[in-house]
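Only one structure is covered here, and it is reproduced in the block below.
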Amino acid sequence: MSEQKYESKIESIPAPVAHVYPVLSDLSSLERVRDLIPQDKVKELEISSDAVKMKIDGLGQKITLRVMDRIENDTIKFGLDNMPLEMNCWIQLKEVAPNDTRVKLTIKADIPLMFRMMFEKKIQKGLDDAAKMLTQFPYSQWI
């Protein structure tokens, strides 16, 4: 296996990084959008400021997304536990103007070659969709 890196498109969030970073770096912010999480696919959801535990349809065991590192107003790094693959992800933020923060999501994963072709497009679409979704939150109202 070799580690693969996937990056989302860079998206623009219409808020200053000082409003975006506190929301994204505290996973308990997900409580605000809990109703948007598909309950038929995600079960047993537990949210804290540093971790999200959930059972995802098709995976069997409960997985954990946890914050591994925070670089204020810049990067939030996550690790995933109990996944069938070794995987890490992070969110990068860069303020280019007072109300324009750019966001990019990255995943590094060890995907066996025989599965890589099946999952690459889904991973890329998921990253791009997630980055686009992050542009929709009312960050300035949530801080």
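The first residue of the sequence shown is numbered 1, and numbering continues consecutively from there.
Inter-residue side-chain proximity for Lys108 and Tyr6 is flagged as unmet; no heavy-atom pair is nearer than 4.5 Å. The shortest distance between side-chain heavy atoms of Leu93 and Tyr21 falls below 4.5 Å. Side-chain atoms of Glu95 and Arg102, non-hydrogen and from C-beta on, never get closer than 4.5 Å to each other. Two residues are said to be in side-chain contact when any heavy atoms from C-beta on lie closer than 4.5 Å; Tyr139 and Leu134 meet this criterion. Under the 4.5 Å side-chain criterion, counting only non-hydrogen atoms from C-beta, Asn88 is not in contact with Ile107. You'll find the side chain of Val23 stays beyond 4.5 Å of the side chain of Val20, heavy atoms only.
Connection of Leu36 to Leu30 is established within a shared hydrophobic cluster, with ILVMFWY side chains joined at heavy-atom distances below 4.5 Å, either directly or through further cluster members. Residues Leu127 and Met117 fall into different hydrophobic clusters, defined by Ile, Leu, Val, Met, Phe, Trp and Tyr side chains chained together at heavy-atom separations under 4.5 Å. One hydrophobic cluster, built from ILVMFWY side chains closer than 4.5 Å, holds both Met87 and Phe119.
No side-chain donor-acceptor contact under 3.5 Å links Glu86 to the backbone of Ala109.
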Return a table of donor-acceptor pairs under 3.5 angstrom between the side chains of residues 10-19 and protein atoms on other chains or two or more places apart.
residue, atom, partner, partner atom, Å
Ser12, OG, Asp100, OD1, 2.5
His19, ND1, Ser140, OG, 2.7

Result block: side-chain N/O donor-acceptor pairs under 3.5 angstrom for residues 68-81, not counting sequence neighbours:
residue, atom, partner, partner atom, Å
Arg70, NE, Ser25, O, 2.9
Arg70, NH1, Asp50, OD1, 3.2
Arg70, NH2, Ser25, O, 3.0
Arg70, NH2, Ser49, O, 3.3
Arg70, NH2, Asp50, OD1, 2.6
Asp81, OD1, Arg66, NE, 3.3
Asp81, OD1, Arg66, NH2, 3.1
Asp81, OD2, Arg66, NE, 2.8

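Evaluation of the salt bridge (charged side-chain N to carboxylate O under 4.0 Å, His left out) rule for Lys121 yields no partner, not counting sequence neighbours. Partners of Glu31 by side-chain contact (heavy atoms from CB on, under 4.5 Å), not counting sequence neighbours, listed by chain and number: Arg34, Ile47. Evaluation of the side-chain contact (heavy atoms from CB on, under 4.5 Å) rule for Gln141 yields Pro138 as partners, not counting sequence neighbours. Contacts of Ser48 classified as side-chain hydrogen bond (donor to acceptor under 3.5 Å, both in side chains), with partners at least two apart in sequence or in another chain: none. In this view, Glu46 and Lys53, Lys62 satisfy the side-chain contact (heavy atoms from CB on, under 4.5 Å) rule, not counting sequence neighbours. By the salt bridge (charged side-chain N to carboxylate O under 4.0 Å, His left out) test, Lys94 pairs with no residue at all, sequence neighbours left out. Taking the side-chain hydrogen bond (donor to acceptor under 3.5 Å, both in side chains) definition, one finds that Gln136 meets it with nothing, sequence neighbours left out. Looking at residues two or more places apart in sequence or on another chain, you find a side-chain contact (heavy atoms from CB on, under 4.5 Å) between Val42 and Ile37, Leu45, Met54. Residues satisfying the salt bridge (charged side-chain N to carboxylate O under 4.0 Å, His left out) test with Lys125, not counting sequence neighbours, are Asp129.
Looking at every heavy atom in both residues, Glu7 comes nearest to Thr106 through CG-OG1, 3.8 Å. Nearest approach of Val103 to Ala131, heavy atoms of both residues: CG1-O, 4.2 Å.
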Please report the C-alpha distance between Ile123 and Ile111 in whole Å, then the side-chain angles of each, then the deciding distance to 0.1 Å, and finally whether the side-chain contact (heavy atoms from CB on, under 4.5 Å) criterion is met. CA-CA 11 Å; Ile123 291 170; Ile111 301 174; 3.5 Å; yes
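Atom-to-atom distance recorded for Lys9:NZ and Asp128:CG is 5.0 Å, nearest 0.5 angstrom. Interatomic distance, CE of Met83 versus CG of Leu65, reported as 10.0 Å (0.5 Å rounding).
Summarising the local packing, CE of Met118 is surrounded by more than 12 heavy atoms from other residues, nucleotides or ligands at distances under 6.0 Å. The environment of CD in Gln39 is sparse: at most 12 heavy-atom neighbours from other residues, nucleotides or ligands sit within 6.0 Å.
Within the structure, salt bridge (Lys or Arg N to Asp or Glu O under 4.0 Å) contacts touching residues 134-143 (residues at least two apart or in different chains) do not occur.
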